Each structure stands twice: as structure tokens, then as C-alpha cells.
Amino acid sequence: MKKITFYLTLIIFLLCSNFSFAEEKELNEERRIKTELPSVSIKGVKTKSIKIIVEVKKAGKWEIDRSYNDKVEILGIKNLDSKDISNSFFTKPLVEGKISLSNIEIISDSVIVKSSSGISNTSDIFFINGFFSLMPPIIAIVLAFLTHSVTISIFSGIIFGLFFVYHYNILSAIIHFFDKFMLDAITDKSHASIIIFCLTLGGIIKLIGSSGGVEGIVNIVTKYASTRKSGLFSTWFMGLLIFFDDYASALLVGNTMRPYTDSLKISREKLSYLVDTMAAPVSCMAVISTWIGFQLGQIEIAMAGTSVKEFSAYNIFLASLPYNFYCIFSIIFPLILIFLERDFGSMVVAEKRALIEGKVYSEKSKNLIEDNNTNNIKPQALNAIVPILSIILITAYGILYTGTESLGLTFSEITFSNLKSVMAASSTSKVLLWSGILGLLFSITSITLTKTMKITEAVDVFIKGASSMFFAIVILCQAWVLASVCSELGTNYYLINLIGDGISLSFLPLIVFLVASIISFATGTSYGTMGILFPLVAPLTASLLASNGLEVVSSGNYNNIFLGVIGAVFSGALFGDHCSPISDTTTMSSLSTGCDMLEHFSTQLVYGIFVLIVSALTGFITIGFGINPFISILFGIISMIIFTYFFGKKHLHKSIINTEKI
């Protein structure tokens, strides 16, 4: 009995000892404060948000102490929300062991965080001259001018920025470009969806072209082309139909329509202009195209520089369409020339030569008149209609489905009043993924059923088409990385601080449009221009709006200045793609139509500059002063009609009837 009592007493003692020891251990748990600061800071300039975390060590591992809700005192930073501009510290309570601080400025060489429980942390700050934060996009722009290689230019700008992010360590800059920044850009869920969509759509476009789909549609349209006016209109309309890719439009419309327009005595210069002006501008405006994935990616980059956290990139794209003045006017202006039967500039000389002398091409174009169309597959319009229609319908359904799912609604509950909210709540990345994959299946099914190709041949063609999107995807990923680097350097905050009140918010869309036009014309690339400008202009616009008491989005509606800036980047980028002598579509249009490239460039440039001026004066200036974009479009169209009617030279002959059998 004594032994039993002894052992029971011993057990109770040990249990009590363990409890007391555990309690003492709990009271003396090791804690620390972590301060997550920007990689670099600029004195006198607002910085990115900082995060303060209290961690506790458990089982040898550090983790967030979610039970810690005490106040902490932060020294070395200024709270820009405070009216006291001289403050250099403030206190904040932690929520579940952490807190994030924004709208602050670091004013000391170190940030000190002290908790009420006695733990503290001191973090040194790495300051740089604000000018260096502007260098990544500047280097990208300058090198793009000099080298005409956008990928190398953007890469160089990124590495320069990372050199400062990693505190003058060039090796770390190069390594972390790949293993961190590029990897983060590619593995982001929405980014990955856009990349897959771009690859899929590139393959579908190749399948449509290789299976006779485009030729089938062209054959239907050209049945009605029997006069000069109808021939020109048919060419314009074909460019509108082949909206899904600018390369496909430039090559296929030019090659297919050239025999018809030659017989109608339409100059190659005029044909080349119509082909070029309906290639990139139409693809840029299309809701489904090889451009849309890249454009949505750029919009996401733009929104990352604002305070808006929940948004639909697709919804913003749709909202910005009326503000894309250069593209809109570039598509409408050819119709004015066609129906008024007038031209101006050097195009008049080319049209006179074709009408009077019967020479549709000049001596310089002799070496370009051979037939470039090598597709011997039987025209089959169904192979184009099925995939394009399926992508459009699936996208429309997907936007409504994901939007209603997000809002907890059913399809029957969709009304005109809540349609915008449904679209805003949709998951663009999911929808694009669905439409791309299902569109591919429909395309291969159509090709197989029409016995145009075997499945194995279709797969090979798809792979070739997908690989053609590689360049666009590389630029897109680089643009994502450039935006991240600029964010790390605080480029947007420094630019805003530098400009201050020196730029009027009302003139911002016009300025952005002109800058984008200059860059794109010098570099010949629209993608590169977008990739360079979007990370800069979006946060600048958001800050200028805030300084004027305005928001990027209010009550579900995006600010017209912000949409105007997005439209300005798209428009300016397209000016260069359309008119630059080193643009790929300029070259493709001249080759496919059998027109000397310099002659195409010189005749088209007059029209391109005219549309640019109209876009600036009737579009981007008026938007800054609150004019409805549709009124601006109407005013621009009227202006183009009046100018063309009074200053354009009417064709010497009425429509010439085509009596030849094509």
C-alpha cells in the first residue's frame, strides 16, 4: 500500500511539474518582429506599403502569432494620412499578429518597430536617387528606338532596375530575373490562363487559314465585287470579317483580293492601304482575337498600379473601346474615301495612274506582282465560321455564367440593369481558357468532318500556329516583369511626385496618345509600346485622379479619364503598327498586295497622320473635358467627311464596270 501511495504521489508531482514547466514555457515563448520593407526607397517620395508581423517560435519553427493584438510603435516613417506633416512615428494595433501600412513615406535611414511587450526590430533602408527608378522604362524606350528589338530592349531595362533592387549585385539581378520575377509572372493563375489562351487561339487561326476557311469567306464576299466602289468596299469588308488576327488579315485579304482589284483598275497603293488599315486596328478592337489575351494582360498590369483590387479586365477592355479613337477612325475613314470617291496626298497620283494609264502598280512593284497565295486547299467557309462562332458564343456564355456564379444569381435573374455588375464579376481568365480549348475542339471537329485534313495533320498545323505566338507571349511576360520591377523601385510614385501639379489631368489622355504614337512609330511595334507604357501611365492617372478628388472606379463605373488613357495607349500603339516603315504589318501588307513597301508607306502615311490629328483634336482633347466619347466619335466622323469632301480630289472616272471573268 505504501508503494502504491508513493508511486501515485510521484506521478502527481511529475504531472504538476510538467504543467508548471509548460506554463512557464508558454509565458516565455520566443517572439520576434519582422518588418517587410520595399527593396529600395526614394527620399521625399511616397513608398510602397510595408508589413509588420509578429512571429512566435514553435517546435523550432517561426510562424505568425495570431493571438498577438497589441499596439506597436513605428519610428522613421511618416503617415501621409495624418494632418501633422512633421510626424515621424505613430502607433497601430496589430490584427492577428500583423498589420500592413500604406500611404507612407520613409524619412529615416532605418525603420524601428517597438511592441508594448518589449520586443523590437530595426531595419536599415536602401535609398536610391529617384531618377534611377525611371531608367528601366527609359532604357527600354531608347534601346527600342536604336535597335528595333523590343525583347532585348525591355530585358535590358529590367536588368538595370533589378541591379538596384538587389543593391548593386548584377549577378543576383540576372538570376532572380528568371527564378523569381519571370517565374512569378508565368505561374500567376490569371497570367497562365492568358498565355494558354494566346497559344490556343494562335493555333486556331493557323487551322482556319490552312483549312481554306478564310478563302471560303472571301469567295462569298467577292461575288458581289463588280465595280470600283464595290471592289473597294468588299476589300474593306473582308478586313472587317477577318478580325481575329492582323497577320492573317494582311496576308490573306491582300493575296485574295488583288486579282479582283487589279481588274477593277484599283491601284496597288490603295489596296495596300485598305489591307493595312483594316488589319491591326480591327484586331485591336475585336472582342475575340489573337490580341485580346495580350491586351487583357496589359489591363491587368495597369490595374495593378491602382488601388482597385476587384475588377474584370474584359469589362474594362469593353468599356475602353469607345475611347480607342485612332482605331475607330482608321476603320471608318476608308469608307468615307470609298463612298465620296475622293483621295488626297500622294494616293491621288497612284489612283490617276491606275485609272488613266491602266497601271495598277508602279515600276518599283514589278518584282512583287507574283502570286503569294500558296494554299491549294479547297475553300471551305465552314472551317472559319464554326471555330470563330463557337469562341464568341462560349465567351459570351462564360462571362454570364461566371458572373452570375460569383454574385449568387441565376441566368433568369439577369436584367439590363444588373448586366454590367454580372460582367464585372465574371472570371475573364476562366472564360478565355474555356473558349480557347473548346474553340480548338470545334475547329478540329469541323476540319475532320469536312475531310479537309486528318487529325494528325490538324495537330501539326495547330502546333505551328501556337508557336507563332511565342514572340507576343515573351513581350507580355516581360511587360509583367517590367511592371513588377517598376513597382519595386517606386517608379510610379517618383514620377507622380516629379510631375506634381505640372500636368493637367484634362490633357493627360492627349499626352499619353502622342507619346505612345511617337514610340510605336519609331519602334514599329504596338505590343512593345503597350508593354513599356502601361506600367507607368495607369498609376500616374490613378494618382492624378486622387489628387483631384476622383476615383478610378465609382459605383461600378470607370472614370472617363482613366478609360481615355487606356484607349490612348492602345490608339498610340496602333499608329506605329499601322504607319511605321519598320512595322511588320506594313511589310506584310505591301508584300501581299504586290506594292512597293516605300510607296505603300508614303501613300498611307498621309492618311495615318490625318487620322492621328482627328483623333487628337476631336477625341483625346474632348475626353479630358468630360465630353461623351460617342459625341467625340460623331464629331470626328463629321470632320473627316467635311475635310475629304472639300480638300479631297474626286476620281476622274465613274465606277468602271468589270467585264473580265476572274
Side-chain angles (χ1 to χ4, degrees), residues 22-130 132-133 161-169 172-173 175-176 179-181 184 307 484-485 487-494 497:
E23 186 179 33
E24 183 181 351
K25 183 180 178 182
E26 182 68 28
L27 290 171
N28 296 301
E29 279 182 325
E30 188 178 356
R31 286 186 174 85
R32 70 178 183 183
I33 292 178
K34 274 186 66 178
T35 308
E36 296 182 0
L37 297 166
S39 303
V40 299
S41 292
I42 304 169
K43 286 186 177 180
V45 176
K46 176 182 173 181
T47 191
K48 284 178 63 179
S49 62
I50 67 172
K51 187 180 289 184
I52 299 169
I53 303 170
V54 172
E55 295 184 330
V56 62
K57 197 171 188 179
K58 292 183 178 180
K61 293 183 179 180
W62 290 101
E63 60 183 60
I64 297 177
D65 186 358
R66 300 191 181 279
S67 65
Y68 197 96
N69 297 306
D70 292 353
K71 287 185 177 181
V72 292
E73 186 179 83
I74 308 111
L75 294 87
I77 64 174
K78 181 189 291 186
N79 180 9
L80 298 179
D81 290 325
S82 173
K83 294 181 180 179
D84 180 11
I85 60 173
S86 65
N87 72 88
S88 61
F89 73 94
F90 58 98
T91 58
K92 283 280 185 178
L94 271 67
V95 179
E96 294 186 349
K98 59 183 179 179
I99 187 175
S100 182
L101 303 173
S102 57
N103 202 26
I104 59 171
E105 178 189 329
I106 297 175
I107 57 175
S108 176
D109 291 336
S110 60
V111 172
I112 302 171
V113 181
K114 299 178 180 179
S115 73
S116 56
S117 60
I119 55 176
S120 64
N121 172 267
T122 301
S123 302
D124 294 331
I125 306 301
F126 185 79
F127 285 104
I128 65 169
N129 188 299
F132 292 121
S133 69
L162 290 178
F163 176 71
F164 291 95
V165 170
Y166 289 101
H167 304 178
Y168 310 134
N169 190 325
S172 293
I175 291 173
H176 294 309
D179 71 2
K180 184 183 185 303
F181 284 85
D184 288 347
S307 59
S484 298
V485 172
S487 178
E488 288 288 330
L489 294 174
T491 304
N492 51 338
Y493 296 128
Y494 178 70
N497 187 73

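Note that these values count all heavy atoms, side chains included, but never hydrogens, waters or copies made by symmetry. We're numbering straight along the sequence, starting at 1. Quick caveat, the model's predicted, so the values are computed rather than measured.
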Would you check if Asp65 and Arg31 make a side-chain contact, meaning some heavy-atom pair closer than 4.5 Å?
-> yes

Minimum-distance pair of heavy atoms, taken over all atoms of Glu105 and Gly44 | OE2-CA, 3.2 Å

ring-ring contact (aromatic ring centres under 6.0 Å, His included) involving Phe164 - partner list, sequence neighbours excluded | Phe132, Phe160, Tyr168

Taking every heavy atom of His167 against every heavy atom of Ser39, the minimum-distance pair comes out as NE2-O, 3.0 Å

Of all pairs that satisfy salt bridge (Lys or Arg N to Asp or Glu O under 4.0 Å), the ones with a partner from residues 114-130, not counting sequence neighbours = none

Taking NZ, NE, NH1 and NH2 as the nitrogens, is one of them in Asp109 or Lys43 under 4.0 Å from a carboxylate oxygen of the other?
-> yes

Inter-residue atom distance Lys57.NZ - Glu30.CD, 0.5 Å rounding | 5.0 Å

Identify, with sequence neighbours excluded, every residue that meets side-chain hydrogen bond (donor to acceptor under 3.5 Å, both in side chains) alongside Ser120.
-> none

Do Ile64 and Glu96 have side chains that get closer than 4.5 Å, going by heavy atoms?
-> no

Per side chain to side chain contact (heavy atoms under 4.5 Å, CB included), Ile74 is matched among Ile99, Ile112, Val111 by Val111

Measuring from Leu489:CG to Ile42:CD1, what's the distance to the nearest 0.5 Å?
-> 7.5 Å

Do Val54 and Ile119 come within less than 4.5 Å of each other through their side chains, counting heavy atoms only?
-> yes

Smallest separation among heavy atoms of Val165 and Val40, with atom names = CA-CG1, 4.2 Å

Interatomic distance, CD1@Ile106 vs OG@Ser41, rounded to 0.5 Å, equals 3.5 Å

Nearest heavy atoms of Ala173 and Tyr166, plus distance in Å = CA-CD1, 4.0 Å

Heavy atoms of Ser110 and Thr122 approach each other most closely as CB-CG2, 4.0 Å

Show your working on side chain to side chain contact (heavy atoms under 4.5 Å, CB included) between Glu63 and Val56 and close with a plain yes or no.
-> CA-CA 6 Å; Glu63 60 183 60; Val56 62; 4.2 Å; yes

Which distance, rounded to the nearest 0.5 Å, do you find between the CD1 of Ile50 and the CG of Leu37?
-> 5.5 Å

Nearest heavy-atom neighbours spanning Ser115 and Tyr68 | CB-OH, 3.1 Å

If we only count heavy atoms from C-beta on, is the Ser484 to Asp184 side-chain gap below 4.5 Å?
-> no

Out of curiosity, Ile128 CD1 to Phe163 CZ, how far, rounded to the nearest 0.5 Å?
-> 11.0 Å

CD1/Ile53 to CZ/Arg66 distance, rounded to the nearest 0.5 angstrom?
-> 9.5 Å

So do the side chains of Trp62 and Lys34 get within less than 4.5 Å of each other, counting heavy atoms only?
-> no

